[in-house]
Student: 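First, the structure itself, so that you have it in front of you.
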Amino acid sequence: MIRKIIVLACCISAIVTISAQQQQTSKQRGAALYKKYCLTCHQADGSGVPRMNPPLTQTSYVTGDKEKLIKWVLQGSVAQHVDVDGESYSNNMPAQNYLTDQQIADILTYVRGSFENKSSAVLPTEVKTVRASLK
Ligand code: HEC
């Protein structure tokens, strides 16, 4: 009987630990994906490269309307070239539409919650809706 209780207690604590880890992971996964797909241009600390690649620190795109941000990441600057908060950048941003809804949500959750940004998370369903509207 006691042995069964111990086994049960272990199972419960394992489940609790696993679900606690899953709650943190969107931002953590986003950090790893950011390194792979965005860091070369926007830099590890999101500071960008002057006149070439804009920063992701407190820009109106990053902290503003999520739909506009998601759309930007899906399309890159192929469809449109923009000034970011009054500055012009010579490089082009390739469309990132090869990433899944989940990957884009994770990356944007990471970006919006890092580099001094304190904006809300992005959900995969929000990416899905914007992606569908572009077709
Ligand atoms: C090849 C370089 C390159 C890569 C890779 C890249 N970007 Fe960009 N990004 C740019 C450039 C250049 C601009 C500005 C384009 C313009 O001015 O028209 C930009 C603009 C942006 C903007 C809007 C402006 C701002 O700074 O707030 C966001 C947001 C952004 N990128 C996020 C990302 C994310 C997230 C990734 C990874 C999934 C990524 N970028 C990958 C070069 C890149």
Side-chain angles (χ1 to χ4, degrees):
M1 182 62 182
I2 288 182
R3 205 177 275 174
K4 270 188 189 159
I5 291 172
I6 291 172
V7 170
L8 195 67
C10 286
C11 287
I12 290 170
S13 71
I15 291 166
V16 168
T17 315
I18 289 166
S19 52
Q21 276 169 355
Q22 274 172 349
Q23 275 167 10
Q24 305 175 335
T25 49
S26 180
K27 196 175 168 188
Q28 286 175 341
R29 284 193 305 262
L33 292 164
Y34 178 87
K35 284 197 185 110
K36 201 165 167 192
Y37 298 111
C38 322
L39 180 145
T40 43
C41 293
H42 292 288
Q43 306 300 301
D45 60 355
S47 61
V49 179
R51 289 180 297 280
M52 281 184 73
N53 307 312
L56 300 178
T57 50
Q58 296 286 312
T59 69
S60 51
Y61 272 89
V62 171
T63 60
D65 181 42
K66 285 200 236 177
E67 194 182 320
K68 195 176 159 196
L69 175 63
I70 294 166
K71 201 170 169 184
W72 175 268
V73 172
L74 285 170
Q75 296 190 311
S77 59
V78 179
Q80 49 162 351
H81 204 62
V82 296
D83 282 356
V84 182
D85 298 337
E87 286 284 330
S88 181
Y89 296 90
S90 60
N91 214 350
N92 263 319
M93 176 159 154
Q96 307 292 314
N97 54 1
Y98 56 89
L99 297 168
T100 64
D101 296 342
Q102 181 74 59
Q103 286 176 315
I104 291 180
D106 290 346
I107 291 174
L108 292 180
T109 296
Y110 169 69
V111 168
R112 280 166 63 90
S114 309
F115 321 138
E116 294 168 34
N117 303 322
K118 291 188 177 63
S119 303
S120 60
V122 171
L123 299 171
T125 50
E126 294 174 300
V127 181
K128 193 178 176 196
T129 306
V130 176
R131 199 193 292 265
S133 77
L134 297 176
K135 279 174 189 158

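Numbering starts at 1 and runs along the sequence shown.
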Student: Assess, by modelled atom type and distance only, whether the side chains of Asn117 and Ser119 contain a donor and an acceptor separated by less than 3.5 Å.
Tutor: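 Side chains of Asn117 and Ser119: no pair found under 3.5 Å.
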Student: Let me confirm one number: the CG-CD distance from Leu123 to Gln102, rounded to the nearest 0.5 Å.
Tutor: 9.0 Å
Student: Do the ring planes of Phe115 and Tyr110 sit parallel (below 30°), tilted (30 to 60°) or perpendicular (above 60°)?
Tutor: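 Correct class here is perpendicular.
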Student: Does Tyr37 belong to the same Ile/Leu/Val/Met/Phe/Trp/Tyr cluster as Val130, with side-chain heavy atoms less than 4.5 Å apart forming each link?
Tutor: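 They do share one cluster, since a chain of ILVMFWY contacts under 4.5 Å joins Tyr37 to Val130.
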Student: Identify which one of Leu56, Val62, Ile70 satisfies the side chain to side chain contact (heavy atoms under 4.5 Å, CB included) criterion when paired with Leu108.
Tutor: Ile70
Student: Do you know the tightest heavy-atom contact between Ser26 and Ala105?
Tutor: OG-O, 4.4 Å
Student: Do Ile107 and Leu134 belong together in a cluster built from hydrophobic side chains that touch within less than 4.5 Å?
Tutor: yes
Student: Atom CG of Asp106 and atom OG1 of Thr25: how far apart are they, to the nearest 0.5 Å?
Tutor: 7.5 Å
Student: Do Arg51 and Ser90 meet the criterion of a side-chain donor-acceptor pair at a distance under 3.5 Å?
Tutor: no
Student: Give the table of side-chain donor-acceptor pairs shorter than 3.5 Å for residues 91-98, with sequence neighbours excluded, one pair per line with atom names and distance.
Tutor:
from, atom 1, to, atom 2, distance (Å)
Asn91, ND2, Asn53, OD1, 2.8
Asn92, OD1, Ser77, OG, 3.0
Gln96, OE1, Tyr98, OH, 2.6
Gln96, NE2, Pro94, O, 2.8

Student: Surrounding NZ of Lys71 (heavy atoms of other residues, nucleotides or ligands, distance under 6.0 Å), is the total greater than 12?
Tutor: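 Atom NZ in Lys71 is not packed in, count stays at 12 or less.
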Student: State the CD-CG distance between Gln28 and Leu33, to the nearest 0.5 angstrom.
Tutor: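 Answer rounded to 0.5 Å: 12.0 Å.
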Student: Identify the two heavy atoms, one from Gln58 and one from Thr63, that lie closest to each other, and give their separation to 0.1 Å.
Tutor: CA-CG2, 4.1 Å
Student: Around atom CD of Glu67, are there more than 12 heavy atoms of other residues, nucleotides or ligands at under 6.0 Å?
Tutor: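 At most 12 heavy atoms, drawn from other residues, nucleotides or ligands, come within 6.0 Å of this atom.
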Student: Can you find a heavy atom in the side chain of Glu116 that is under 4.5 Å from one in the side chain of Thr57?
Tutor: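 Heavy-atom side-chain distance check fails, nothing below 4.5 Å.
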Student: Answer yes or no: is there a side-chain heavy-atom contact under 4.5 Å between Val127 and Val122?
Tutor: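 They are in contact (side-chain heavy atoms under 4.5 Å apart), so the answer is yes.
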Student: Who are the side-chain hydrogen bond (donor to acceptor under 3.5 Å, both in side chains) partners of Ser133, not counting sequence neighbours?
Tutor: none
Student: Is Leu99 reachable from Leu74 through a run of I, L, V, M, F, W or Y residues, each pair having side-chain heavy atoms under 4.5 Å apart?
Tutor: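 Both belong to a single hydrophobic cluster.
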Student: Which atoms form the tightest heavy-atom contact between Cys41 and Val49, and what is the distance?
Tutor: O-CG2, 3.9 Å
Student: Does Lys66 use its side chain to pair, donor to acceptor, with the backbone of Glu126 at less than 3.5 Å?
Tutor: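 Flag not set: sc Lys66 to bb Glu126 has no pair under 3.5 Å.
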Student: Does anything in residues 53-72 pair up under ring pair (Phe, Tyr, Trp, His ring centres under 6.0 Å), and if so which pairs, sequence neighbours excluded?
Tutor: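 Pairs touching residues 53-72 that pass the test: Tyr61-Trp72.
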